[in-house]
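First comes the structure, then the notes that go with it.
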Amino acid sequence: MPDTRESAPVPGGAPSHFIRQIIAADVAAGKHGGRVVTRFPPEPNGYLHIGHAKSICLNFGVAAEFGGVTHLRFDDTDPSKESLEYVEAIQRDVRWLGFDWKDKLFFASDYFERLYGYAEQLIRAGKAYVDHLSAEEIREYRGTLTRPGRNSPYRDRPAAENLDLFRRMRAGEFRDGECVLRAKIDMASPNLVMRDPTLYRIRRTPHYRTGTDWCIYPMYDFAHCLSDMIEGITHSLCTLEFENNRELYDWVLAALDTPHRPRQIEFARLNLSRTVLSKRRLIELVEGGHVSGWDDPRMPTLSGLRRRGYTPEAIRDFCERIGVARADNRVDIALLEHCLREDLNRRAPRAMAVLRPLKVTIVNYPADRVEELPARNHPEDPAAGSRTVPFSRELWIERDDFREDPPPKFYRLAPGREVRLRYAYLIRCVEVVREAATGAVSELRCTYDPESRGGEAPDGRKVKATLHWVSAPHALEAEVRLYDHLFLKENPAEVEEGKSFTEALNPGSLEVLRGCRLEPALGAAAPGDRYQFERLGYFCADLKDHRPGTPVFNRTATLRDTWAKIEARGGAPPQR
RNA sequence: UGGGGCGUCGUCAAGCGGUAAGACACAGGAUUUUGGUUCCUGCAUUCGGAGGUUCGAAUCCUCCCGCCCCAGCCA
């Protein structure tokens, strides 16, 4: 007999997690004829974020592993908050993430008529009733965590009366809130969800898909399980907060004696350090003007991550690595960034850009001379090819790469020191020019070694540092946006009484630099193109604001910076 | 002091009665025309705690402690 517990590796060698194990066991046992059908069921009332990505990867991933399919179903049962804009944005994001629902696109609103039929069936079976208690009264009657609730005075109406009332609800004979349809379960249940939950409410709000066809709408607990059943979902994966609802999910399907019984399985939602993932807080960031919108590159939304320069591959890898379990968690955002760098390091072409320019004049280089020096587009990938970068007498280097009074372990440029300009020459700083008024360093005068073309001196002498640079007369000017974590706190959601989570916002999460200098090859960048600016980080041309003549780049991630770490450790204070 | 869950390294997370995987982070070192990459090395005598069962327990039992979820006509 086969071991149906299936603790052994699963097809594809993916790491084991409890949902994979359950599904593998079900498949092995021939449940549902060995079929696997999952679904991703967003409500179209907001944008998808990295937490949804976990669910999307889980649902599409696990179904694919077992040769199954995944439905994209919009859980659009509350017309007051939903819209087509969100439906479109969600589809765009799921597709971008790399998943394909084929022709399996569904809407709970398409099931309204069938759902209504099931509700009547429930009424006929004496398992649901129309209640005229007000919302406040229902709350009072529900009891508390420790005290049982009381039956509504309308609870024992005959089925025929309930049926008539429910039909009149549909016909629009009652005002919003005047009555609801409730399941008749147990007002004393220790599980509050089971204390005669509301199944239908009256809402005279036009629905973005069904218009004014309906004035009654099913609640999540009624619509979701039945939608799963209708679609033949085998494994209905959701987050832990729906655990209490599982009893009701099963109750509805059993009460209706449905032919197909999906199984709800809950897993822990993702929490990420230094950001927020709740819809409520994300909305507050957008509406409070703390970010520029849902796609602000600092947002953990998929549209924000996309604009920031994240790749779908990196996000999928991240979702695979964090695992799936039932324990509350807060994943270190450094893991997401690691996945990103790993992917980008492999595929981003290299280029040179100077963010905070400092002028360098090569005093012994002819003023009218320009050389085109070959540079590799990727140090480890010859297939990425090469390009040419112009070199001339006047250059820009990074201000951070020069120190008048270099601290220990700083081995970049300083008075009298020699360094290498990447792909170009060895240069030595012979003079520091200052602004008369402020005394600030305004220019460096250097000599170059004509024998070191390409960066290697014939005498074999070594140099400790290699700097990136851009030829001044050939440079493109650009705006570069430096992004950092949105929040300073590990868990921004944890706030003191009376304070807002927005107080933990990182004031330095965005720094806009203008007058940055790019090497000419970057002029070919199209919106969304990603590069590694050597020694700085990964950058992408902004999807919205980048124009060929006026380039705008977003910093996707910095490179790991060992020197910054040494410096921060207190060795030498930064001098700027 | 109702019910439902969850506690394994700083953070995730395997582990399914046979003697604590892996990843990130962190710390060293090697290579390097990116202080990047890559490569080595180190990093839980112990699994929330206490008892018990067993030749043997993170895994089974008992009690205790801590954290999360539920009182929408939201999902």
Side-chain angles (χ1 to χ4, degrees), chain A residues 5 7 15-17 21 41-43 45 75 77-78 80-81 131 133-135 138-140 142-149 176-182 188-195 197-203 216-217 219-221 223-224 238-247 266 268 270 273 279 321-339 341-342 345-346 350 352 375-376 378-380 409-412 420-424 426 454-456 463-468 490 532-537 558-567:
Chain A
R5 269 230 336 281
S7 57
S16 134
H17 67 236
Q21 289 180 14
E43 182 187 14
N45 71 343
D75 223 335
T77 57
D78 182 359
S80 62
K81 300 187 293 188
D131 195 352
L133 251 28
S134 68
I138 285 182
R139 193 186 335 118
E140 284 163 28
R142 186 152 31 225
T144 69
L145 293 179
T146 52
R147 254 193 304 278
D176 282 20
E178 196 173 338
C179 52
V180 294
L181 182 73
R182 289 230 256 169
S189 171
N191 180 357
L192 301 219
V193 170
M194 299 299 277
R195 317 243 262 229
T198 300
L199 267 21
Y200 269 87
R201 74 288 216 190
I202 302 170
R203 251 208 213 340
I216 58 171
Y217 293 93
M219 297 285 290
Y220 165 85
D221 285 306
H224 202 89
C238 64
T239 46
L240 246 25
E241 64 271 24
F242 288 98
E243 203 163 357
N244 295 319
N245 300 61
R246 188 176 64 228
E247 192 178 354
E266 312 85 18
L270 168 69
S273 68
K279 205 169 272 183
R321 291 202 203 199
I322 56 176
V324 178
R326 289 175 65 89
D328 289 336
N329 61 80
R330 171 164 357 273
V331 176
D332 192 338
I333 196 164
L335 178 59
L336 212 212
E337 293 164 348
H338 168 82
C339 294
R341 290 192 183 105
E342 190 173 83
N345 174 54
R346 200 162 28 218
R350 315 285 128 128
M352 292 197 285
R376 286 190 299 277
H378 193 113
E380 282 98 36
K409 299 210 174 140
F410 179 91
Y411 47 77
R412 274 110 94 147
R420 170 167 37 237
L421 292 182
R422 175 139 236 220
Y423 298 126
L426 263 31
E456 210 82 68
V463 102
K464 295 269 275 191
T466 299
L467 311 187
H468 61 276
E490 278 288 304
Q532 183 197 100
F533 289 176
E534 294 211 46
R535 303 208 309 132
L536 296 174
T558 60
L559 252 25
R560 281 186 59 218
D561 190 345
T562 309
W563 163 243
K565 219 177 268 183
I566 293 168
E567 201 176 29

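Proteins come first, then strands; the chains are lettered A, B, ... in the order of their sequence lines, and each starts at number 1. Computed from a predicted model, the values in this text were never measured in an experiment. What's counted below: heavy atoms across the whole structure, side chains too, no hydrogens, waters or symmetry copies.
- Taking the P atoms as reference points, B:C60 lies 24 Å from B:G22, given to the whole Å.
- When heavy atoms are screened at a 4.0 angstrom cut-off, A:L133 is found touching base atoms of the nucleic acid.
- Formation of a donor-acceptor pair under 3.5 Å by the A:R420 side chain with backbone atoms of A:E456 is not found in this model.
- Side-chain atoms of A:R195 come within 3.5 Å of backbone N or O of A:R142 as a donor-acceptor pair.
- A:T466 OG1 to A:L426 CG: the interatomic distance, rounded to the nearest 0.5 Å, is 8.5 Å.
- Shortest non-hydrogen contact noted between A:L192 and A:T144 is CD2-O, 4.1 Å.
- Residue A:Y220 and nucleotide B:A75 are not classified as a stacked aromatic pair, given the requirement of ring centres less than 5.5 Å apart at an interplanar angle below 30°.
- In this structure, A:R346 places its CZ atom 20 Å from P of B:U34, rounding to the nearest Å.
- Side-chain proximity of A:L145 to the nucleotides B:C70, B:A75, B:U34 is greatest for B:C70.
- Nearest-nucleotide positions on RNA chain B place A:L536 closer to the 5' end than the other of A:L536 and A:T144.
- Atom CG in A:L335 sits roughly 16 Å away from atom P in B:G22 (whole-Å rounding).
- Nucleotide B:G72 is matched to nothing when pairs are restricted to Watson-Crick or G-U wobble geometry with both distances under 3.5 angstrom.
- Listed nucleotides: B:C12, B:A13, B:A23. Nearest to the side chain of A:R321: B:A23.
- As rounded to the nearest Å, B:A57 and B:A20 have P atoms that lie 12 Å from one another.
- A:R350 contributes a side-chain N or O that forms a donor-acceptor pair with the base of B:U34 under 3.5 Å.
- Rounded to whole Å, the separation between the P atoms of B:G56 and B:G51 comes to 16 Å.
- For the pair A:S189 (side chain) and A:N191 (backbone), a donor-acceptor distance under 3.5 Å is present.
- Looking at A:E567, its side chain has no donor and acceptor atom pair within 3.5 Å of the base of B:G35.
- Residue contacts shown for A:R422 include a base, since a base heavy atom lies under 4.0 Å away.
- Rounded to whole Å, the separation between the C1' atoms of B:A44 and B:A14 comes to 14 Å.
- Between the base of B:G4 and the side chain of A:R246 there is no donor-acceptor pair shorter than 3.5 Å.
- Under the Watson-Crick or G-U wobble criterion, with both distances below 3.5 Å, B:C24 is paired with B:G10.
- Rounded to a whole Å, the CZ atom of A:R420 is 11 Å from the P atom of B:U32.
- Residues A:D75 and A:E43 come closest through the heavy atom pair O-CG, 3.4 Å.
- Look at CZ on A:R330: it is 16 Å from C1' on B:A13, rounded to the nearest Å.
- Residue side chain A:Q21 reaches the base of B:C16 through a donor-acceptor N/O pair under 3.5 Å, judged by distance alone.
- Scanning atom types as modelled, no donor and acceptor separated by under 3.5 angstrom connect the side chain of A:E490 and the base of B:U11.
- A:V331 comes within 4.0 angstrom of the backbone, heavy atoms only, and of no base.
- The side chain of A:R560 lies closest to B:U37, out of B:C74, B:A27, B:U37.
- For the pair A:D78/A:N45, no side-chain contact is recorded, criterion being any heavy-atom separation below 4.5 Å from C-beta on.
- Checking the phosphate oxygens (OP1, OP2) of B:G72, a side-chain nitrogen or oxygen of A:R139 falls inside 4.0 Å.
- Residues A:R560 and A:R341 approach most closely at N-NE, 4.2 Å, considering heavy atoms.
- Separating the P atom of B:G7 from that of B:G42 is a span of 30 Å, rounded to the nearest Å.
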Output a table of nitrogen or oxygen pairs between the protein and nucleotides 40-44 of chain B separated by less than 3.5 Å.
none

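- Residue contacts shown for A:P379 include a base, since a base heavy atom lies under 4.0 Å away.
- Remark: the separation of the C1' atoms in B:A58 and B:C70 is 30 Å, to the nearest Å.
- When the C1' atom is compared between B:G52 and B:G66, the two are found 23 Å apart, to the nearest whole Å.
- Among the protein residues, A:F533 comes within range of no part of the nucleic acid, since none of its heavy atoms lies under 4.0 Å from any strand.
- Nucleic acid contact class of A:E456 (heavy atoms, under 4.0 Å, all strands): base.
- Within 4.0 Å (heavy atoms only), A:R142 reaches sugar-phosphate atoms of the nucleic acid but no base atom.
- Base-pair partner of B:G17: not found among the strands shown (Watson-Crick or G-U wobble, both distances under 3.5 Å).
- Shown here, B:G49 is classed anti by the O4'-C1'-N9-C4 or O4'-C1'-N1-C2 angle, which is more than 90° from 0.
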Please tabulate, one pair per line, each protein N/O and nucleotide N/O from nucleotides 6-9 of chain B that are separated by under 3.5 Å, including the distance.
{"residue": "B:C6", "atom": "OP1", "partner": "A:R326", "partner atom": "NE", "Å": "3.4"}

